[in-house]
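A short write-up of the structure that comes next.
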There are 2 protein chains.
Amino acid sequence: MQEIPEIITSIKQAAELTGLSEDTIRYYERVGLLPYAERKANGHRHYTRHQIQGILFILRLKATGMTIEEMKRYLKLSEQGMTALPQRYSLLEAHHDHIGREIAKLQETQRIIEYKLKNFRVLTEDPDLSDPEKHLTQGAPLSGFSTD
Amino acid sequence: MQEIPEIITSIKQAAELTGLSEDTIRYYERVGLLPYAERKANGHRHYTRHQIQGILFILRLKATGMTIEEMKRYLKLSEQGMTALPQRYSLLEAHHDHIGREIAKLQETQRIIEYKLKNFRVLTEDPDLSDPEKHLTQGAPLSGFSTD
DNA sequence: TTACTACTTGGAGTGTACTCAAAGTCAAGC
DNA sequence: GCTTGACTTTGAGTACACTCCAAGTAGTAA
């Protein structure tokens, strides 16, 4: 991660710091995920370090599968400060649980893939063995469709 | 999970067994993710247990973030049988790694959320504390944008 | 025979999240 | 003064994965 300067003087720089495209930053502003950015005399956007950190936090939420609308809801609650604390808490908690379930699903799929990879390895050690997916197809004929 | 019968006599039943909608099953067939399903005399689709298991495996891959095109690529390799084994292996391995990185990202986000939740709890125990997001904003003024 | 239900097809429409293009402004360098 | 480049805006277009719809057919039930 690079050092974020105190003031960010262009959308290009903001894009570089966040990894978003300039178009995406404008798009996020347009749909209300980002607040209307302040403009310089010539109309060009500029940002504070804090705003860039805000974008980076949004990207964290996004990476967890939050939609733009969900993120907007959360940010709106944040704007309301302490009064919306309980809502913010339960929203974050629900999202935490959601991520937990996501992780569990991914891990189970990883286990399936590991099992299949192990079978592939057996196959290459002893080239006379049959289809590595048999445990999934339960001996049914492949009929033009392979289940691995 | 319910028991899958040997033959599945309608798309409706296939939809029930897989959790997909009938439209989605037809869509998958249309785009080539599923092979052209056999038809009865009246033109209605029917399936074997094996084909349903194929759909269920596809759903596993899908759940890991594979696109339809990626799944098609993999299934195509599977059709080629043993000759494409090395390609299948490395494709699965790459996908396994991909999932691993996904999991790591999600876990990091979970840790961030846990940290924030902990701060929220401190707040409600002692209502005189300030913004729970301060560790993320590094004391910058909120300027209409909250980073949590 | 009529009604109803369950399917069929091809094609159009939807939601999400961008992504691109056109036309214009502004400041700097030659 | 002219060109170049970096931005601005609005609006249209794209990619993906469905989802819906209209028109038609086949089989069953009254």
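Each chain gets a letter, A, B and so on, in the order the sequences are listed, and its residues count up from 1. Given the structure is predicted, the values throughout are model-derived calculations rather than measurements.
Across the protein-nucleic acid pair, A/His46 atom NE2 and D/dA6 atom C1' stand 16 Å apart, rounded to whole Å. For the pair A/Glu22 CD and D/dT8 C1', the interatomic distance rounds to 12 Å; values are reported in whole Å. One interatomic measurement links the two molecules: NE2 of A/His44 to P of D/dG5, which rounds to 15 Å at whole-angstrom precision. When the C1' atom of D/dC18 is taken as reference, atom CG of B/Leu33 falls 13 Å away, rounded to whole Å. A straight line from NZ of A/Lys12 to P of D/dC7 spans 6 Å, rounded to a whole angstrom.
Look at A/Lys118 and A/Glu114 and you find no salt bridge, because none of the NZ, NE, NH1 or NH2 atoms lies under 4.0 Å from a carboxylate O. Salt bridge absent: B/Glu108 and B/Arg111 never bring a charged side-chain N and a carboxylate O closer than 4.0 Å.
Listed by residue number, B/Asp23, B/Thr24, B/Tyr27, B/Tyr28, B/Arg30 are the residues of residues 23-30 of chain B with a heavy-atom contact under 4.0 Å to DNA chain D.
Judged by the 6.0 Å and 45° rule, A/Lys116 forms a cation-pi pair with B/Phe57.
Mapping A/Ser21 and A/Ala41 onto DNA chain C by nearest heavy atom places A/Ser21 closer to the 5' end of the strand. Heavy-atom nearest nucleotides on DNA chain D were determined for B/Thr67 and for B/Asn42, and the one closer to the 5' end corresponds to B/Thr67. Annotation: of the two residues near DNA chain D, B/Glu69 and A/Gly43, the 5′-most nearest-nucleotide partner is A/Gly43.
For the pair A/Arg73 and A/Lys76, the minimum side-chain heavy-atom distance is 4.5 Å or more. Between B/Thr18 and B/Thr24, the closest side-chain pair of non-hydrogen atoms is not below 4.5 Å. In this structure, A/His44 and A/Arg39 have side chains that are not in contact, with every pair of non-hydrogen atoms separated by 4.5 Å or more.
Of the residues listed (A/Glu29, A/Arg45, A/Arg30), the one engaging A/Tyr36 in a side-chain contact (heavy atoms from CB on, under 4.5 Å) is A/Glu29, and it is the only one.
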message = Pair A/Glu22, A/Arg26 - check salt bridge (charged side-chain N to carboxylate O under 4.0 Å, His left out), show working.
response = CA-CA 6 Å; A/Glu22 300 171 32; A/Arg26 290 193 201 98; 3.6 Å; yes
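Within a 6.0 Å sphere centred on CD1 of A/Ile7, heavy atoms belonging to other residues, nucleotides or ligands number 12 at most.
Counting 5' to 3', DNA chain C first comes under 4.0 angstrom of a heavy atom of chain A and last does so at the ends given by C/dA17 to C/dC26.
At a threshold of 4.0 angstrom between heavy atoms, the contacts of A/Lys40 with the nucleic acid are absent.
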